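These notes are about the structure you will find just below.
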Amino acid sequence: MTVELTKILTNYAIFAVIWYVLQTFGYLKVLRKTSVNKMLAFIPVLRELVMFKLVWKSKFAGIIWFVCVIGGLALFLVAANTGLQIIGWLGLVMMIASIVIHIKRSGKQSKAFNLSGGITTLLIFANPIGNIVIGIGQAEYKGAK
């Protein structure tokens, strides 16, 4: 491994740890306002599925999002190893679908806490910061709308 690649991977790892800590802190603050077990904030996939359950009336939205994420990544890997473009395109479509679902979830999360579009924008572009603002602020959980 080259020195440049080692530096890039080290920087990425540091950023990932900082992002995880901020996400966990934000979700701890948000989940404190609900009746959900706060320890779920430490498990990334479970906390996302719990937030889908809290803010979306559909029971399957979180599962559909999860299938799109994992399926899209898996199809990308398969396409990279086999060279089949159609599989790569299908993976791209699934990843775009997961992003759209997550954006809708951000809007529903701000509505569930009776907040406006500014928080939705913050949740879309800087999710940990948005969750910290919701958790520390005066917002109260009103339930899925």
Side-chain angles (χ1 to χ4, degrees), residues 4-81 84-145:
E4 293 84 19
L5 183 59
T6 303
K7 287 180 182 179
I8 291 170
L9 291 176
T10 302
N11 288 337
Y12 179 77
I14 290 169
F15 177 77
V17 168
I18 291 169
W19 188 264
Y20 171 77
V21 169
L22 286 174
Q23 279 281 58
T24 302
F25 180 71
Y27 277 112
L28 271 172
K29 293 295 185 182
V30 168
L31 292 178
R32 182 185 56 143
K33 295 184 174 196
T34 66
S35 61
V36 176
N37 184 359
K38 286 32 162 195
M39 297 312 290
L40 292 174
F42 292 98
I43 307 168
V45 173
L46 284 180
R47 71 180 171 210
E48 291 297 327
L49 292 174
V50 164
M51 285 306 295
F52 271 102
K53 185 177 177 185
L54 286 173
V55 302
W56 208 306
K57 287 183 179 179
S58 171
K59 295 179 181 179
F60 301 108
I63 295 169
I64 293 169
W65 168 81
F66 184 71
V67 168
C68 286
V69 169
I70 298 301
L73 289 174
L75 289 175
F76 273 145
L77 289 174
V78 168
N81 288 325
L84 295 172
Q85 274 191 341
I86 190 72
I87 294 175
W89 283 106
L90 185 58
L92 177 65
V93 168
M94 289 181 78
M95 292 301 294
I96 291 171
S98 72
I99 292 169
V100 169
I101 292 168
H102 205 274
I103 289 171
K104 281 198 63 94
R105 196 217 68 191
S106 297
K108 290 183 178 291
Q109 182 178 349
S110 63
K111 287 180 184 175
F113 285 92
N114 209 21
L115 296 170
S116 66
I119 291 295
T120 302
T121 305
L122 195 57
L123 286 169
I124 291 169
F125 292 110
N127 193 284
I129 309 293
N131 283 325
I132 292 170
V133 168
I134 291 172
I136 292 177
Q138 300 296 323
E140 292 182 25
Y141 176 67
K142 303 291 185 189
K145 294 185 179 184

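This chain uses plain numbering: 1 for the first residue, then up along the sequence. If you're wondering where the values come from, they're calculated on a predicted model, not measured in any experiment. Values below: all heavy atoms of this structure, side chains included; hydrogens, waters and symmetry mates excluded.
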_Residue L5 excluded, over 12 heavy atoms near CG under 6.0 Å_ = yes
*Stepwise side chain to side chain contact (heavy atoms under 4.5 Å, CB included) test for E48 and R105*: CA-CA 10 Å; E48 291 297 327; R105 196 217 68 191; 2.6 Å; yes
*What pair of heavy atoms forms the shortest contact from C68 to M94, and how long is it?*
CB-O, 3.4 Å
*Out of curiosity, N131 CG to I136 CD1, how far, rounded to the nearest 0.5 Å?*
11.0 Å
_Donor-acceptor side-chain pairing of Q109 and Y141 below 3.5 angstrom_ = no
*Enter the distance from S106:OG to I101:CD1 here, rounded to the nearest 0.5 Å.*
12.0 Å
*Might you point out which heavy atoms bring A61 and S58 nearest each other, and give the distance in Å?*
N-OG, 3.5 Å
_Could you report the tightest heavy-atom contact between L22 and P128, atom names first, then the distance?_
CB-CB, 3.6 Å
_Heavy-atom closest contact (A139 atom, I134 atom, distance)_ = CB-O, 4.3 Å
*Can you tell me if K38 uses its side chain to pair, donor with acceptor, with the backbone of V36 under 3.5 Å?*
yes
*Relative to each other, are the rings of H102 and F52 parallel, tilted or perpendicular (30° and 60° limits)?*
perpendicular
*Output every pair passing side-chain hydrogen bond (donor to acceptor under 3.5 Å, both in side chains) with a member in residues 12-26, not counting sequence neighbours, ordered by first then second residue.*
T24-R47
_So which atom in I87 and which in L75 form the shortest heavy-atom distance, rounded to 0.1 Å?_
CG2-O, 3.4 Å
*How long is the span from the CG atom in L40 to the CG atom in N37, to the nearest 0.5 Å?*
5.0 Å
*asked:* If we ignore hydrogens and angles and just use 3.5 Å, is the side chain of K104 paired with the main-chain N or O of W56 as donor and acceptor?
replied: no
_Quick check: closest heavy atoms across L49 and G62, and the distance to 0.1 Å?_
CD2-O, 3.3 Å
*Just wondering, more than 12 heavy atoms not from F76 lying within 6.0 Å of its CZ?*
yes
